[in-house]
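This one's a predicted model, so the numbers in the text were calculated from it and none came from an experiment. Residue numbering restarts at 1 for every chain, and letters A, B, ... go by the order of the sequence lines.
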Amino acid sequence: MARVLLFGRLADQAGWRDRVVDALDLSSLRGALAAADPGLGEALAAPGVQVAVDKAIVRGEATLSPFTEVAFLPPMSGG
Amino acid sequence: MARVLLFGRLADQAGWRDRVVDALDLSSLRGALAAADPGLGEALAAPGVQVAVDKAIVRGEATLSPFTEVAFLPPMSGG
Amino acid sequence: MTVTLTDQPFEPGALVTAFCVGREETGAVATFVGLARAEKGQAVALELEAYPGFTDAAIGEIVQGAVTRFQLHDVQVVHRVGRIAPGEAIVFVATAAGHRREAFEACDFLMDYLKSRAPFWKKEHGLGGARWIEPTDRDRTDAERWD
Amino acid sequence: MTVTLTDQPFEPGALVTAFCVGREETGAVATFVGLARAEKGQAVALELEAYPGFTDAAIGEIVQGAVTRFQLHDVQVVHRVGRIAPGEAIVFVATAAGHRREAFEACDFLMDYLKSRAPFWKKEHGLGGARWIEPTDRDRTDAERWD
């Protein structure tokens, strides 16, 4: 289980920005999100989209606890 | 005749900064100042000291009217 | 050293006043204020999204690097988030140093980072609708000057 | 475009506030504040002499050149003259432009000019007495970057 945050155009596309999802690791989380919304699943896997687990960028796999925060970050635009 | 202004270290050296001097052109003005204070005359002729006549830099000679303002400007330091 | 994200309008002059107070050995304070442009009436608003706790931490790390690199006495960064109207301040950066070269370069460096690499997501609301923005080529080139 | 010489202390923040007001197409305001340093107690005061009507006219000409060269929307220069205590503002420069590169470069350019070539005469009053100052080598090198 994890708290999932979407930013920028990802939140617009999904129609939500903050949701709790049942998953034990990042890849099953991606799978659950893609099953519920295939378009979103594709967008989350696109090049340039980074993942932060508890506010640190991770590349590859990560295990999730019920209190883990997973954020999907589209390319940053600067301020 | 002209109003003579001294700036920076020239005023410190002369002990005055604003005086009316009787002279028809710049070279006679320089002569009159040097006659009254040879050290000042030398300082005014030193390289790097510029002369402004009515607030415009002049190189060489200039004729002076009773209302002309002649300023001796030591090397500028910036602010 | 402070980094602040705020969803409220702020007044850059008041920040400058506070930043300059009581400096005995600081000869140079450089500041930059980024304002939202009206684009001749085409721009309705700018919307900036940050990730609190992540965005400010990322900026804080860059600020720390700038302090060391440019031997700064102090830095302040204030960044608006949320919806910003034309004419309002988006970003404020102030740098304090002994001499002007360091203050200018640090301010320039921090702005290049903030405008091109800082973790914000920017949406422009115009007369014709809204669109998400990515950094311009010039933003990338500017930021690469420091690498 | 304003150039002001003043023998009274001034507050840079208040100038920034006024300078930023009502700008619709200005995306970037860069400012610089030069402060008198205490030099760890060695500096008692700075004394700046200007030639009114000559100094401000010379600065005004450079400002006009900067407006053209950097496509500025606006510039403000305020310069203290007379006796200045440590911690007080000596000079304030603000530049407004569409984008940050022009605003930064113009501010930097104007400061290099003001610190090295502008018609001021500067005396430092220290614990050991007073002395007239000439531009440093670094001031000259900085100013030559723009030639």
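- Counted within 6.0 Å of CD on A/E42, heavy atoms from surrounding residues, nucleotides or ligands total 12 or fewer; the atom is thus considered open.
- Chain A forms the most heavy-atom pairs under 4.5 Å with one residue out of C/A118, C/G34, C/A58, and that residue is C/A118.
- Separating the CH2 atom in C/W132 from the CZ atom in A/F7 is a distance of 10.5 Å, to the nearest 0.5 Å.
- Atom CZ of C/F54 and atom CG of A/D54 lie 12.0 Å apart (nearest 0.5 Å).
- A distance of 12.0 Å separates NZ of C/K123 from OG of A/S77, quoted to the nearest 0.5 Å.
- With rounding to the nearest 0.5 angstrom, the CD atom of A/E69 is 3.5 Å from the OH atom of C/Y51.
- The number of heavy atoms from other shown groups lying within 6.0 Å of CG (A/L24) does not exceed 12.
- A distance of 14.0 Å separates CZ of C/R131 from CG of A/D12, quoted to the nearest 0.5 Å.
- Residue-environment remark: CZ (C/R145) exceeds the threshold of 12 foreign heavy atoms within 6.0 Å.
- Interface summary for chain A: among C/T55, C/L114, C/V91, the most heavy-atom pairs under 4.5 angstrom belong to C/L114.
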Please test A/M76 against C/W121 for side chain to side chain contact (heavy atoms under 4.5 Å, CB included), starting from the C-alpha separation and ending with a verdict.
CA-CA 6 Å; A/M76 295 151 184; C/W121 297 275; 3.9 Å; yes
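- Within the 3.5 Å criterion, the main-chain N or O of A/G79 finds a donor-acceptor partner in the side chain of C/K115.
- Separation of atoms CD1 (C/I133) and CZ (A/R9) is listed at 12.5 Å; rounding is to 0.5 Å.
- Counting non-hydrogen atoms of neighbouring residues, nucleotides and ligands closer than 6.0 angstrom, the NE2 atom of C/H73 exceeds 12 such neighbours.
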